[in-house]
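Just so you know, residue 1 is the first one in the sequence shown, and it goes up from there. Remember, it's 1-based here, ligands and their atoms both numbered in the order they're listed. These values consider heavy atoms only, across backbone and side chains, with no hydrogens, waters or symmetry-generated copies.
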Amino acid sequence: MMKMMMMMMKQRESSSLMSLRALAFFFILLYVCVASPAGASESETLLKLKDSLQNTDGLTTWKPSTSPCTAQKPNWMGIRCDGRGRVWALQLENLGLKGEINVGLLQDLPDLRTIGFMNNSFEGPLPDLRKIIGLKTVYLTGNKFSGTIPSDWFTGMSSLKKLHMANNQFTGEIPKSLAGLDKLVELSIEGNKFEGKIPDFRQPRLTIFNVSNNKLEGEIPKSLRKLDASSFAGNEELCGGPLKACSTPSKKPATWIIVLIVIAVIVAIIAIVALLVFLLGRRKKLSESSVEAPPPSTATVQNRSVQKEPEHQASAPGSPENSIKGGNGKKGEQSLKLSFVRDDRERFDMQDLLRASAEVLGSGCFGSSYKAALLTGPAMVVKRYKQMNNVGREEFIEHMRRIGRLGHPNLLPLVAYYYKKEEKLLISDHVLNGSLAAHLHGNQTLDHPSLDWPTRLKIVKGVAHGLRYLYSELPSLVAPHGHLKSSNVLLNESYEPLITDYGLIPVVNQEHAHTLMVAYKSPEYMQSKRVTKKTDVWSFGVLILEILTGKLPTNFLQQGKGSEEDLASWVNSVPREEWFSQVFDTGMGAGKSSEGEMLKLLKIGLECCEGEVEKRLDLKEVVERIEELKERDNPGDSDFFSTCASEGDMTKIVG
Ligand SMILES: *[C@@H]1O[C@H](CO)[C@@H](O)[C@H](O)[C@H]1NC(C)=O
Ligand SMILES: *[C@@H]1O[C@H](CO)[C@@H](O)[C@H](O)[C@H]1NC(C)=O
């Protein structure tokens, strides 16, 4: 060979034409040598590979006296042979192999498509497997490969279908070029130290995808959001999709609280203005004593409730032209059709709601609620949400259907919804006795009896049952309720609680969810930006304490520094012997005979508020322990205040 080259070089000097021919001849010769079907050269190549590695004790069958393949049958350990009697796969696993993988040698195996070196002790950078043309499968999981891989490294490995290199020590970003491999179906790179964002993988047939236990961050790309959370677990800063929702850029609790306060003030101002407008309008309405035409105040309210629909107020009930049309006057044809999510309800239209007299019930975090009494039929509550416009129409509708399928005596059912890109209206029944919040905090000035202990216990039990149902019916939601607080617990005519505003986390815009929703005020979210299956338990704990103390939990949040001082730590700071004079709401009017049971409930509430998620009770335990509670310690005692607060005309406030 050397001689020939020397010869060729000489020839090259003499004549360029000659040299070209000779070069061609040289390459043909080279090709014949390499591609010769004889197993001998593959055998030689593999033996050289064996020599180049360390710890090859496991490769005793690799001997010059035999060839790697006899027809399709392998003679050597860890070899797979194809129909041409050539090596197409190397599966050298769990052998403790070390050293440098000589890719140049592997290149000499023309049919090689699969390389498996799992669970060995290889180190150093990723070997340059790009030189192996047509490589389809690479298994390098369980070694000590390290270093960064350049972004474009995989460009050109267009045959690659499976890449497993989990549990190594790779660093840097996941190479973007992986996302460009059309045939990729398996990517397993968990257990490395990859950092940065996940590239936008769009391969439709990606069946195995695992990037868990790295140091990745940022939002999971849209195309991967349907995958299981375990594909992404163990990356602290990763969010979106099956993991916790991504947070807003402002992460400092201080800024966060300021924003919250500002929003609260704005909401309060809007509420006051709306209330004034409503009261003024009501006076006018009385003086005009008009039944058919809605009062001007209602018009204001309704204009607010359904944006840009000025015509409907002008329309008399019978004038279809104006009343059916909605949207913004110019396009005009958009239907005001409500979508009903239940079959057991009599249908009505947006028009019917608009014609009904409306009444502002309150302003919650997300927007206002209105009570609309249908001319023929029951009163409905319309809640308006502007912060739900990041989800697509299909997704929103699907989620509403899912919520509409729920049915439990302690859940306020969703009856219908109205979809518009920029705002949504959710319609449910009006509940006679308003919200628990109004009873706990709003009635002092009115001449109403405070809720007594048996009623409060009944409410706690009802909420527990409702929550248990939500957990079982919405198992895919990390926080099935997500926004549990006293203003979202409504009381019916017999003071049975009905939970509302549940299951909305998936459709609320993330930035709003993070500033407004109760789940995101939990200790775990404050500390590690995580919502867990026990987050609703924490909210329930706060609610229990609120019910027993009659104190507003948000007062504590705002007075204290962030999550440090909360209702639970206040309760704990009061000496135990003073609990009955200081902590329990005296308005409950419970006698000595209930103190034992009340203490038990307070203890459950405190345990639910446990800041460390691992130590906190899970919902099942909470419900079981609440079930056991009774109204009285000893059924024999009659020292028990049994006035029920079911009389009187309560103000209706829906938060
Ligand atoms: C590699 O080692 C791990 C842990 O020791 C084991 O679970 C796995 O099955 C091994 N993989 C192969 C291909 O033998
Ligand atoms: C991803 O890898 C982790 C760690 O090995 C494992 O626990 C998890 O089940 C894997 N997830 C998927 C979807 O394969």
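The nearest protein atom to atom 2 (O) of ligand 2, hydrogens excluded, is given as Asn210 ND2, 2.3 Å; this is a heavy-atom distance. In terms of protein heavy-atom proximity, atom 1 (C) of ligand 1 is closest to Asn119 ND2, 1.3 Å. Atom 3 (C) of ligand 2 has as its closest protein heavy atom Ser212 OG, 3.4 Å. Closest protein heavy atom to atom 14 (O) of ligand 1: Asn94 ND2, 2.6 Å.
With a heavy-atom cut-off of 4.0 Å, Ser230 touches ligand 2 through backbone and side chain alike.
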Kindly indicate, with the supporting measurements, whether the criterion ring-ring contact (aromatic ring centres under 6.0 Å, His included) is fulfilled by Tyr525 and His514.
CA-CA 9 Å; Tyr525 191 76; His514 290 186; 5.3 Å; yes
Stepwise side chain to side chain contact (heavy atoms under 4.5 Å, CB included) test for Val507 and Glu395:
CA-CA 8 Å; Val507 290; Glu395 204 178 334; over 6 Å; no
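A salt bridge between Arg130 and Asp128 is present, with a side-chain N of the basic residue lying under 4.0 Å from a carboxylate O of the acidic one. Between Arg202 and Asp200 there is a salt bridge, with a side-chain nitrogen of the basic residue lying less than 4.0 Å from a carboxylate oxygen of the acidic one. Between Glu607 and Lys603 there is a salt bridge, since a side-chain N of the basic residue sits under 4.0 Å from a carboxylate O of the acidic one.
The Glu190 neighbourhood of ligand 2 comprises atoms 2 (O), with distances under 4.0 Å to a heavy atom of that residue. Heavy-atom proximity to Met118, at under 4.0 Å, picks out these atoms of ligand 1: 13 (C).
Checking atom 7 (O) of ligand 1 against the protein gives no heavy-atom contact under 4.0 Å.
Polar contact with ligand 1: absent for Glu93 (N/O pair, distance under 3.5 Å).
Taking the six-membered ring where tryptophan is involved, the planes of Tyr139 and His164 are tilted, since the angle between them lies from 30° to 60°.
A cation-pi contact, defined as under 6.0 Å to the ring centre and within 45° of the axis, links Lys424 to Phe396.
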